[in-house]
Amino acid sequence: MHARSVYKIPNGKLLKIDLEYDPDNGLIEDIRITGDFFAHPEESVELLESDLKKTRLSEVELKQRINSIIEKYNISFIGVDAEGLTQGIMRCIN
Amino acid sequence: MKEKWRLLLTGFNTASMNMAIDNAILIAHSKGKVPPTVRFYGWKPPAVSIGYFQSLQEEVDVESCRRLGVDYVRRVTGGGAVFHDKELTYSIIISESHPMIPRSILDSYQRICGALVRGFRYMNVEASFAPVNDIITNGKKISGNAQTRRYNTVLQHGTILIDVDVDRMFSLLKIPGEKIKDKLINDAKQRVTSLSDVLGRPVLFEEVASNMKKGFEEEFNVELIKGSLTDDEINDARFFHEHYFSSDEWNNKR
């Protein structure tokens, strides 16, 4: 199932999420993160997108997963953070 | 003795070539082939650039751009969509480990924008850095900036608005629904200004360039020596232009 959200992060940038997910088990199948934020190194957002596949759409699990991916690839975000990403993704289904 | 950096005045180029030149300088500097470089340039034809993480389809009215002869390109830097018309664009390419460059990306925005603030002051425009990546005067944005770091090298580029046409800008960008279009345009008119607006007279590209040159020299305590692109940089720029920045694959990447 496809879902989409546009979320202005408080004190941050505009985040747009395109989500493909399985409504039966609540797992992410595919995700695209776009917006006017900054991420260093830039390629890490593609890694984040691919590592988020098969993550359960629950606020707690998502945030944990995103934080561990940020740590794994040593991503520096500006204008977006794990909390903002989590909220943006959850808004796709709420 | 003051450190000597290179100043490049590359004139007006297409969107793709402009981004290709910045990238070529980044590569050359990362290999130690050229000194730290400040470049001033413009866009011909006018162009929309989008941030690395934006979707071209969602942000830019590509049909309108084609019809009006406006270029478009995806930048290597994050941030938002920008309509480049009457402005001076600068770029600075310098090693991440240069003592003048703060390690922190946020701090380095402020440092580099400090050069522009000094340049504005030379033009009798009181401006200040507005985190994360803007410069404002009288509460309105007059400059937007974006940075990437690759191969241990900082590339920051940004716009200095000489004149601004918000209506034209919005005719090239995709707006989520006509209903809020008027509001967005009015908001932007309140939020954005330009050197011509502030000074109440026409302002020339060359005038901005010479004042910004002084601003960079003062902020970094260096001498900017007018130079030109090396043969390698020109070849690399042509390559990046042809294979990256003018390609659908790059521009439609997201």
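Computed from a predicted model, the values in this text were never measured in an experiment. Numbered from 1 within each chain, the chains take letters A, B, ... in sequence-line order.
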* Asked: Will you find, in the side chains of B/Tyr244 and B/Asn23, an N or O donor that is under 3.5 Å from an N or O acceptor?
  ->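 Result is no, nothing qualifies.
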* To do: Return the option, out of B/Arg149, B/Glu58, B/Gln147, with the maximum number of heavy-atom pairs under 4.5 Å with chain A.
  =>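 Ranked by heavy-atom pairs under 4.5 Å with chain A, first place is B/Glu58.
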* Asked: For chain A, which of B/Ile50, B/Leu106, B/Asn133, B/Val132 has the most heavy-atom pairs under 4.5 Å?
  ->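 Answer, by heavy-atom pair count under 4.5 Å with chain A: B/Asn133.
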* Asked: Do B/His29 and B/Tyr151 come close enough that some side-chain heavy atom pair is under 4.5 Å?
  ->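 They are not in side-chain contact.
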* Just wondering, do B/Tyr72 and B/Leu172 contact through their side chains at under 4.5 Å, heavy atoms? ->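 Not in contact.
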* Asked: Would the number of heavy atoms belonging to other residues, nucleotides or ligands and lying under 6.0 Å from NZ of B/Lys33 be above 12?
  ->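 At most 12 heavy atoms, drawn from other residues, nucleotides or ligands, come within 6.0 Å of this atom.
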* Tell me, side chain or backbone of B/Ala81 under 4.5 Å from chain A's heavy atoms, or both, or neither? ->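 Neither part; nothing is under 4.5 Å.
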